[in-house]
Amino acid sequence: MQTPVPDYLDEVRETCAHEGDDGEVASYIPELADADPSLFGVALCTIDGTVYASGDAEHRFTIQSISKPFAYALALADRGLDTVLEHVGVEPSGDAFNEISLEQSGRPRNPMINIGAITTHALVGDADTTPADRVRRIREGLSAFAGRELEVDDAVRRSELDTASRNMALAYLVHAQGKLEGEPHDAVEGYIEQCSLLVDVRDLAVMAMTLASGGRNPVTDEQVVPAWVCRQVLAVMATCGMYDAAGDWMSTVGIPAKSGVAGGVLGALPGQVGIGAFSPKLDRFGNSVRAVRTCERLSRDMGLHLMQAPEVASHVLYGVVEPDDDGDGVREVQLQGTMHFAAAEVALRELERVPDDGAPVVVDLSRVASTNDVGRRMLREGIRRLQRDGHDVRVSDPDRLLDSRDRAEVATDALPADEEGTADTATERADTERPEEEGRATEQAHERSGTDRAGTD
Ligand code: GLN
């Protein structure tokens, strides 16, 4: 059988193409005015790096403003959140992409509009990085997000540089406010080169999925930036990515996104999918008409809205095996699915129901697909408390979920630390306090479900 996803994507593209494209190709960068308005491509990248594409998927166009979230990611990775926040805010501006949009402090409102993006560009690298090295770092960084070497469209770069008065003015203004590092002219020149990198919709889909996977490129497996950076970038994309249409976009499509004046749109749904779409005609906000429509369709059809409640927590309990009336057999709590806060809370309530008789308990995690840091800590704490109450707890954890960290996690410093005597010590204690003799019932459970002691498998 053949997966129906490509057929579906073709159908979406055709429908969106037939609905017309009542917009205008960008012309304020003269070279962009020559774009063929009939071009239309769309691509999806999944969590395992599978890319589906339809239409003009091979056509390359300049990334333009879609480079902004990635330059922001590199600045965050290079300088840290505090330094970047000193220079650029995170509030939606409600203004057009090229507006003078400064806070009272002189800080540009966010990194997705030009004034904030030029400021952000100048933060990539460190204080001693030369303009040329900064551009190199950005080209290499964006290439790592895309999983291939990106090149600059020199004609578009020169064309934009020749008509860059407005961006120059924005840069000098931020410089006068003391928020722009280095020379304004260098920042604009570098920013324009950054905007002139050539991509196709596949690149955008992979770049989006890298952001949506906590910074790990699903095709090359490279960890491009730390996970906390992606959380920050996606949050700012969700609130500011579509300029003055951001609120409307968030309520109808509900996917963190970024558009560019060449006609590209990138959407990144955390943990699920990366979307790239392209067609040159733009609406009055500077967003591609067909690409926006495509994202609306995909979101609606595939339930991709960020605010749509997932239906996982209540299914966390796979089953509970009770000892029989004679007390033979061992109590076994079998969990499944994804262990995050809400699911772990349900699991902990089931552990709470274990009678206070000190009998052995098996916690079976063999059907749990994954756990985040919070889910892991909560489960460890539940196990520790059962042990404290005198239960001999065995944990079946063939994938070692309780002692590994998954890569998509946010930085540890953003999470509450393990407290002394809580989760972290639970598995060690189970290990060291192993009784000499194993009970018969527990042995049977061990054989039945491949159970191992906590911390030993
Ligand atoms: N390079 C373009 C500019 O600065 C990017 C704008 C955009 O894509 N919205 O005007």
Side-chain angles (χ1 to χ4, degrees), residues 26 29-32 34-35 39 41 43 45 51 56-75 77-78 97 111-112 114 116-118 120-125 129 131-164 167 186-211 217 219-220 222 224-225 233 237 241 257-268 274-280 286 288 291:
I29 299 173
E31 192 71 19
L32 293 185
D34 295 337
L39 288 166
C45 179
V51 179
D56 299 302
E58 316 293 323
H59 179 81
R60 293 199 174 150
F61 51 93
T62 51
I63 188 167
Q64 298 298 344
S65 285
I66 304 171
S67 65
K68 292 170 179 173
F70 298 98
Y72 185 50
L74 298 175
D78 291 351
F97 71 91
M112 300 297 138
N114 286 9
I118 295 165
T120 303
H121 172 92
L123 291 171
V124 175
T129 302
D133 283 347
R134 180 166 298 118
V135 168
R136 194 169 311 120
R137 159 97 176 112
I138 289 174
R139 191 161 62 79
E140 286 170 3
L142 267 66
S143 298
F145 271 103
R148 73 170 185 89
E149 196 69 32
L150 301 181
E151 282 165 10
V152 169
D153 183 327
D154 214 47
V156 174
R157 185 189 69 79
R158 275 186 280 111
S159 176
E160 182 167 3
L161 200 54
D162 287 346
T163 53
N167 279 336
D186 290 340
V188 174
E189 207 169 341
Y191 160 78
I192 287 174
E193 189 157 345
Q194 163 194 320
C195 290
S196 304
L197 287 167
L198 282 165
V199 290
D200 58 29
V201 286
R202 288 170 185 274
D203 295 325
L204 292 186
V206 174
M207 294 172 91
M209 196 62 228
T210 302
L211 277 182
N217 182 313
V219 177
T220 64
E222 181 183 347
V224 182
V225 289
V233 172
M237 282 167 66
K258 188 72 207 76
S259 62
V261 285
V265 169
L266 168 149
I275 301 172
F278 164 72
S279 196
S288 164

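Note that this is a predicted model, so its numbers are computed, not measured.
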Residue list, ring pair (Phe, Tyr, Trp, His ring centres under 6.0 Å) with Tyr72, at least two apart or on another chain: none
Sub-4.5 Å side-chain heavy-atom contact between Val225 and Phe70: no
Counterpart residues, side-chain hydrogen bond (donor to acceptor under 3.5 Å, both in side chains), relative to Asp154 (two or more places apart): Arg157, Arg158
Atom pair CG (Asp133) and CD1 (Ile138), whose distance is rounded to the nearest 0.5 Å: 11.5 Å
Close side-chain approach of Ile118 to Asn167, heavy-atom, < 4.5 Å: yes
Min side-chain heavy-atom separation Asp56-Phe278 under 4.5 Å: no
Arg134 bridged to Asp186 by N-O distance under 4.0 Å: no
Polar side-chain atom of Ser196 near backbone of Val152 as donor-acceptor pair, under 3.5 Å: no
Side chain Asn217, main chain Phe145, donor-acceptor under 3.5 Å: yes
Atom pair CG/SG of Leu161 and Cys195 - distance to nearest 0.5 Å: 11.5 Å
Closest approach of Ala205 to Ala43 (non-hydrogen atoms, all atoms of both residues): CB-O, 3.8 Å
N-O pairing of Arg139 and Glu149 below 4.0 Å: yes
Reported CD-to-CG distance for the pair Gln194 and Leu150, which is rounded to 0.5 angstrom: 12.0 Å
Residue pair Ala208 / Gly274: nearest heavy atoms and the distance that separates them: CB-CA, 3.6 Å
Gap between atom CG of Leu74 and atom CG of Leu142 - 0.5 Å precision: 6.5 Å
Heavy-atom closest contact (Lys258 atom, Pro69 atom, distance): CG-CD, 3.7 Å
Considering all heavy atoms, the nearest Gly260-Ile66 contact: N-CG1, 3.6 Å
Partners meeting side-chain hydrogen bond (donor to acceptor under 3.5 Å, both in side chains) with Lys68 (sequence neighbours left out): Ser65, Asn114
Pairwise side chain to side chain donor-acceptor pair (under 3.5 Å) hits with a residue in residues 201-211, at least two apart: Arg148-Asp203
Residue among Val199, Ile29, Leu32, Leu197 satisfying side-chain contact (heavy atoms from CB on, under 4.5 Å) with Thr62: Leu32
Closest heavy-atom pair and its distance - Ser288, Gly263: CB-O, 3.1 Å
Counterpart residues, side-chain hydrogen bond (donor to acceptor under 3.5 Å, both in side chains), relative to Ser143 (two or more places apart): none
Approximate separation, where rounding is to 0.5 Å, of Phe61 CZ and Leu198 CG: 9.0 Å
Shortest non-hydrogen separation from Ala57 to Asp200 and the atoms involved: O-CB, 3.3 Å
From Met207 atom CE to Ile275 atom CD1, the distance as rounded to the nearest 0.5 Å: 15.5 Å
Residues in ring pair (Phe, Tyr, Trp, His ring centres under 6.0 Å) contact with Tyr191, at least two apart in sequence or another chain: none
